[in-house]
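Below is one structure, written out as structure tokens; comments come after it.
Note that this is a predicted model, so its numbers are computed, not measured. All values below were derived from every heavy atom in this structure, side-chain atoms included, with hydrogens, water molecules and symmetry-related copies excluded.
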Amino acid sequence: MKTEAELIDRILKGEWRNYAILVDKYEAKVFNYVNYLMNNREDAEEMVQDTFVKAYRSLSQFRGDAAFSTWLIRIAHRNCLTHFRKKTPINISLDSVTNSSAGNMVNSPTKKLHLDDRQQVLSRALAQLKPDERSAVTLFYYQELSLLEICEVTDLTHSNVKILLHRSRKKLLGILKEMGVKQSTL
């Protein structure tokens, strides 16, 4: 098994087929991150492809200071932010959220949310956060990046990442409360 550094070296020397190994290794991780940010599977799939194409084109710029996966997530992060700047903001009606089957289960205090329903409710709540807030929460909780790695991905200082995470969690909790979700059901 080749190390990432060996693979990257071989790719840069013209053995471009080795790039498929890196894509296979990290595609799911990049997709999960992008999908939480985009909240649209088709857009996320397109963004993942774009991320890997951009990463391939700029592979010679990878210095190895950070993990390759962090470098990829950083490219995906920037692609998503660029996409959000170009696109009009998405507004989700709370009525549409609470009228869904998951929303009805959330409003029932006697029922615990099933795992799929919890995921659906959390996804809807995350979609209401600003892209940078959604990104911070996704990187920390879903991608399980450290604060230092989030700093590398977002180009924010350590204190700014901590503040952003704190505010994002607080806002997410408020959104969930507005949706009628009680902390005990999550």
At their closest point, which heavy atom of [X] faces which heavy atom of [Y], and how far apart are they?
X	Y	value
Ala127	Asn39	CB-ND2, 3.0 Å
Val161	Cys151	CG2-SG, 3.7 Å
Leu37	Pro131	CD2-O, 3.9 Å

Any chance you could measure [X], atom [atom1], to [Y], atom [atom2], to the nearest 0.5 Å?
X	Y	atom1	atom2	value
Ser168	Arg134	OG	CZ	10.5 Å
Cys80	Ile75	SG	CD1	12.0 Å
Met47	Met38	CE	CE	4.0 Å
Thr154	Leu164	OG1	CG	7.5 Å
Leu139	Leu165	CG	CG	8.5 Å
Glu149	Ser69	CD	OG	6.5 Å

Count I, L, V, M, F, W, Y as connected when their side-chain heavy atoms are under 4.5 Å apart, and connections chain through other members. Are [X] and [Y] then in the same cluster?
X	Y	value
Val34	Leu81	no
Phe31	Val53	no
Tyr56	Leu22	yes
Leu72	Leu12	yes
Leu129	Ile163	no

Would Lys54 and Arg78 count as a side-chain contact (heavy atoms from CB on, under 4.5 Å) if you check the C-alpha gap in whole Å, the side-chain angles of each, and the deciding distance to 0.1 Å?
-> CA-CA 11 Å; Lys54 285 183 180 179; Arg78 289 181 176 170; over 6 Å; no
Taking atom types as modelled, find out whether Asn79 and Thr82 have a side-chain donor-acceptor pair closer than 3.5 angstrom.
->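 No, no side-chain donor-acceptor contact under 3.5 Å.
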Are [X] and [Y] close enough that some pair of their side-chain heavy atoms sits under 4.5 Å apart?
X	Y	value
His158	Lys162	yes
Trp71	Ser58	yes
Leu126	Tyr36	yes

Between the main-chain N or O of Thr3 and the side-chain N or O of Glu6, is there a donor-acceptor pair closer than 3.5 Å?
->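 Judged by distance alone, yes, a pair lies under 3.5 Å.
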Would you check if the side chain of Asp9 reaches a backbone N or O of Ala5 as a donor-acceptor pair within less than 3.5 Å?
->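 Pair absent, no side-chain N/O of Asp9 close to backbone of Ala5.
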Within a radius of less than 6.0 Å around CD of Glu46, do more than 12 heavy atoms belonging to other residues, nucleotides or ligands occur?
->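 No, not enclosed.
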Compute the ring centroids of Tyr33 and Tyr142, then answer whether they are less than 6.0 Å apart.
->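 No - the distance between ring centres of Tyr33 and Tyr142 does not fall below the 6.0 Å cut-off.
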Near-ring test Tyr19/Trp16, centroid separation under 6.0 angstrom =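 No, ring centres 6.0 Å or more apart.
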Audit row: Ile150, Leu156, side-chain contact (heavy atoms from CB on, under 4.5 Å) steps and yes/no | CA-CA 8 Å; Ile150 295 171; Leu156 295 173; over 6 Å; no
Using the salt bridge (Lys or Arg N to Asp or Glu O under 4.0 Å) rule, collect all pairs that involve residues 57-77, keeping only residues at least two apart or in two chains.
->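 As it turns out, the salt bridge (Lys or Arg N to Asp or Glu O under 4.0 Å) pairs with a partner in residues 57-77, which skip direct neighbours, are Arg63-Asp65, Arg74-Asp155.
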Given Phe140 and Leu145, is the side-chain contact (heavy atoms from CB on, under 4.5 Å) satisfied, shown in steps?
-> CA-CA 5 Å; Phe140 190 74; Leu145 295 185; over 6 Å; no
Indicate yes or no: does Arg41 engage Glu45 in a salt bridge with an N to O separation below 4.0 Å.
->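 Answer for the salt bridge query: yes.
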Got a salt bridge between Arg167 and Glu133, using NZ or NE/NH1/NH2 to carboxylate O under 4.0 Å?
->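 No.
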